[in-house]
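Here is the structure we will look at.
Chain letters run A, B, ... following the sequence lines, proteins first and then strands; every chain starts at 1.
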Amino acid sequence: MGSQVKFIQGNEVCVEAALYAGLDFFAGYPITPSTEIAEHLAYRLPQAGGKFIQMEDEIASMCAIIGASLTGQKVLTATSGPGFSLMQEALGYAVMAEIPCVIVNVQRGGPSTGIPTHISQGDVNQARWGTHGDHAIIALTASNHQDVFAMTVEAFNMAETYRTPVVLLFDEVVGHMREKLILPQTNEIPLVKRLKTSVDGGVDYHPYLAREDGRLPMSDFGGVHRYNVTGLYHDMWGFPSDNPKIVHGLLRHLVDKIESNADTIARYKEHYLEDAKKVLISYGASARSALHVVNTLRQKGQKYGLLELQTLWPFPHQVIRDRCNGAEHIIVVEMNLGQICREVKNAVDHPDRVFLANRVDGVFINPSDIRQTLRLIQGRGV
Amino acid sequence: MARPKLKEHHINREWCKGCGICVEFCPKKVLELDRYDKAVIAVLEKCIACRLCELRCPDLAITIETQDQIP
Amino acid sequence: MSVKDYIRERFFPHIWCAGCGHGIVLNNLLRAVGGLGMSKNEIVMVSGIGCSSRISGYVDFHTLHTLHGRALAFATGVKLSKPELNVIVPMGDGDALAIGGNHFIHAARRNIAMTAIVMNNRIYGMTGGQYSPLSGPGKLATTAPYRNIDQDFDIVKLAKAAGATFVARTTTYHIQQMADILRQAILHDGFSVVEILSQCPTYFGRRNKLGNAADMMKFFKDNTTPIGSKAKKENPELTERGIFVQNDLPEYCAEYDKIIKKAGGSC
Ligand SMILES: Cc1ncc(C[n+]2csc(CCOP(=O)(O)OP(=O)(O)O)c2C)c(N)n1
Ligand code: SF4
Ligand code: SF4
Ligand code: SF4
């Protein structure tokens, strides 16, 4: 069978990928620029025997997917800025109760209602720190349709592997543009199934006791193990506890299971980095313009390279250090006031060599915007 | 059907919080609170095994066993 | 049956105060469930946050203790993804009708088969006695030191208007009626709402000088009456108890199964 080629919107690619990954349940509330994800799933999910529900708001949507995940389903919700803000409390619940789920945020300009139909990448730090309390989170992004597909499947896989919510941070340009997608064949991309406990009914099952490899086998609601799930600090049975040892142990576990696997979770693409003297770092739609700039400069013989990040959280510090430490200049290209730029400065030995090329006016950052910053860095004026 | 006869009226002192609900609503005034504020039986003979105390106890501290009941 | 078969005994005595009505709800809910002969593996209890919501920790079902006000939203995900489960959702009055009011009316509107139990003590117990949307005008609370000026909801009318297909009210005094209503509510194939007037002697009772727990239950006895009773006609101030609505209308999960068939999927 030949590969199927589609020419579709990024939001639709996300839908195709979610179905490929085995999505069973979607709950959401319409909001620009993510609405097409809900619309397509309302049509496609029941065809696959799955369930779609439009809830009364984003809080309810996030809560509903957590409930559905506990019955053993692969679950998704999709939103954008204001809706993502509403989801934060329940997102923290999913972190605490270790519920596999995927949340798409097709970013738009904020704060508040902001600029709904225009591009921004302003929610990067919200994805990291939007919910209260110390915690860790996985957030992935992509710059083109093939990668939107790949990262969406990765999101479902990582959600199961680490028993955690995974945020897919797309943006308005990637979500709405149309380009080619070569639909991967069945089995072409490996899928991670829910790890189920092998403990028999009647035997003491510990939903919150990690195996030696760090993974926590689950048992579906409705199955033979009746346990408790709570957003309170809890023991290995899921029952509330304020024992300092348990509290400390659980927080460490929640953070370490992700942060200590940062290298394994890191997804990125390298363009001309082997001999690059100047490195651009970018992600999402911005990386499209950054790549264009690097391609043209290379044609002129200038040693520029691009590191395109696909994992934003946990921040891939080691990757940044390895690929950038020798660089004369590091230019972070993003559509916010430097949310990833700050992380890059933290990661490298010479933060003074890190510059920001950005745009925050709702207009897509184009190659000439980036070239302008490069000229400024070289002291060549505008 | 004849009323079931009381076999055992058990009060779990560990669970009883002494709220007095069982004492107040016992139709036969069988129960009272002792000096530790725990429910105790004052006059067992009057108990008609109506179970109202068992059903109203917020702490699940009372168990009534009747004779026709398979234990 | 014995209630002991349905509880997690190691957590007793429970955390509720002496005389708290929530314990009486637990007691009779378990008796209602026990009378149905269901497997404990088929029952999921979903609760929010509040004194009332602590009930889920004590029952030996699948239990999901969630966020303040959001229990019905979590429960909707559980039920729709696995409709064969029996989903019971006990909530406090603030939980269900202040922060969770939106989820409450929308779950009712969808007519998704779950049992919503509102343990109405007319106060925020867990946070120490602030007024709730059920306190009513004239009541004292820590946040209503000059007496409350907020009007209260009528939960029964609200649930009815929102489309719940089973709506009932009872009290912690009327235990046999409570168990009977809860049994019917759980069996009902649609969204059921059971309001149970419950006492918080610690905050609502003490601050409003309503006496001890037993006094508060006597108040339920003296100020409520069966629906349409002669007493109600003579004294319209009485609160009616019983089943107000019991309708057979299309249930949400069953309707969604039809969507799957229409779309050509199989479930
Ligand atoms: C988002 C959020 N806001 C506020 C709280 C604090 N809070 C916890 S329980 C509660 C009210 C409890 O009252 P009710 O729901 O009536 O139940 P009760 O304790 O009386 O049984 C409040 C305000 C919270 N946990 N979460
Ligand atoms: S009702 Fe229960 S808790 Fe209250 S006094 Fe009687 S036995 Fe004790
Ligand atoms: S069973 Fe009835 S009569 Fe006997 S002690 Fe209890 S309430 Fe009183
Ligand atoms: S504070 Fe009120 S509602 Fe909470 S346990 Fe005590 S009596 Fe019950």
Side-chain angles (χ1 to χ4, degrees), chain A residues 24-27 42-75 77 89-94 96-97 99 101 201 207 219-232 234 237-240, chain C residues 8 10-11 15 39-47 49 54 56-57 59-87 99-100 102-103 105-107 109-110 112 252-253 256-267:
Chain A
D24 301 295
F25 187 96
F26 177 94
Y43 185 72
R44 295 288 310 278
L45 204 44
Q47 294 178 334
K51 311 250 166 109
F52 167 95
I53 186 169
Q54 181 172 312
M55 295 297 287
E56 52 274 19
D57 58 29
E58 289 85 349
I59 298 174
S61 304
M62 187 65 213
C63 296
I65 66 165
I66 293 172
S69 183
L70 279 165
T71 71
Q73 314 245 304
K74 286 200 176 179
V75 299
T77 186
E89 190 194 13
L91 180 61
Y93 185 92
M96 181 59 123
I99 313 288
C101 54
S219 173
D220 298 347
F221 268 27
V224 292
H225 299 292
R226 297 181 302 276
Y227 59 98
N228 189 54
V229 177
T230 178
L232 292 166
H234 48 269
W237 292 276
F239 290 106
Chain C
R8 290 165 171 153
R10 63 191 180 284
F11 298 124
I15 54 156
S39 155
K40 291 189 277 188
N41 291 341
E42 297 170 66
I43 303 172
V44 181
M45 182 179 281
V46 186
S47 68
I49 296 290
R54 280 305 188 101
S56 57
V59 298
D60 187 19
F61 307 134
H62 301 282
T63 53
L64 181 54
H65 179 239
T66 68
L67 298 170
H68 190 35
R70 315 299 172 198
L72 285 169
F74 281 87
T76 299
V78 172
K79 180 68 185 180
L80 182 56
S81 62
K82 230 183 204 176
E84 63 270 29
L85 296 175
N86 293 296
V87 180
I99 191 163
N102 201 30
H103 308 308
I105 56 175
H106 288 281
R109 173 179 65 77
R110 285 186 196 105
I112 183 163
Y252 193 81
C253 301
Y256 199 87
D257 282 346
K258 292 184 198 161
I259 295 272
I260 293 179
K261 285 216 181 69
K262 224 188 239 175
S266 57
C267 46

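Proximity to chain A is limited to the side chain of R8(C), based on heavy atoms less than 4.5 angstrom apart. With a 4.5 Å cut-off on non-hydrogen atoms, K40(C) touches chain A through its backbone and its side chain both. Contacts between I65(A) and chain C at a heavy-atom distance below 4.5 Å are absent for every atom of the residue. Of the two parts of Q73(A), only the side chain, counted from C-beta on, holds a non-hydrogen atom closer than 4.5 Å to a non-hydrogen atom of chain C. When heavy atoms are compared at a cutoff of 4.5 Å, L85(C) approaches chain A solely by way of its side chain, counted from C-beta outward.
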- [ ] Check the pair Y252(C) / I53(A) against side chain to side chain contact (heavy atoms under 4.5 Å, CB included), numbers first and verdict last.
- [x] CA-CA 10 Å; Y252(C) 193 81; I53(A) 186 169; 3.4 Å; yes

TODO: Test side chain to side chain contact (heavy atoms under 4.5 Å, CB included) on N228(A) and H62(C) and set out the steps.
DONE: CA-CA 7 Å; N228(A) 189 54; H62(C) 301 282; over 6 Å; no

Task: side chain to side chain contact (heavy atoms under 4.5 Å, CB included) evaluation trace for L232(A) with H65(C) - done: CA-CA 9 Å; L232(A) 292 166; H65(C) 179 239; 3.5 Å; yes

- [ ] Take D57(A) and H106(C) through the side chain to side chain contact (heavy atoms under 4.5 Å, CB included) test and state the conclusion after the steps.
- [x] CA-CA 10 Å; D57(A) 58 29; H106(C) 288 281; over 6 Å; no

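Contact of the N41(C) side chain with the H225(A) side chain is not registered, since no non-hydrogen atoms from C-beta on lie closer than 4.5 Å.
The main-chain N or O of F52(A) is found under 3.5 Å from a side-chain atom of Y256(C) such that the two form a donor-acceptor pair. The backbone N or O of G222(A) lies less than 3.5 Å from no partner atom in the side chain of K82(C), so there is not a single donor-acceptor pair.
Listed by chain and residue number, K196(A) satisfy the salt bridge (charged side-chain N to carboxylate O under 4.0 Å, His left out) test with D220(A) (two or more places apart in sequence, or in another chain). Residues satisfying the salt bridge (charged side-chain N to carboxylate O under 4.0 Å, His left out) test with R70(C), not counting sequence neighbours, are none.
Highest contact tally toward chain A, considering only T76(C), I259(C), N102(C), D60(C), is held by D60(C) [criterion: heavy-atom pairs under 4.5 Å]. Highest contact tally toward chain C, considering only A97(A), P240(A), A48(A), G50(A), is held by G50(A) [criterion: heavy-atom pairs under 4.5 Å].
To the nearest 0.5 Å, atoms CZ (R226(A)) and OG (S39(C)) are separated by 7.0 Å.
Between R110(C) and E56(A) there is a salt bridge, since a side-chain N of the basic residue sits under 4.0 Å from a carboxylate O of the acidic one.
Counting non-hydrogen atoms of other residues, nucleotides and ligands closer than 6.0 Å to CZ of F11(C) gives a total above 12.
K51(A) approaches L80(C) most closely through the heavy-atom pair NZ-O, 3.0 Å. When all heavy atoms are compared, the tightest approach of A60(A) to A73(C) is CA-CB, 3.7 Å. In terms of heavy atoms, S81(C) sits closest to A68(A) at OG-CA, 3.5 Å.
Taking the six-membered ring where the residue is Trp, the centroids of Y93(A) and F74(C) are separated by under 6.0 Å.
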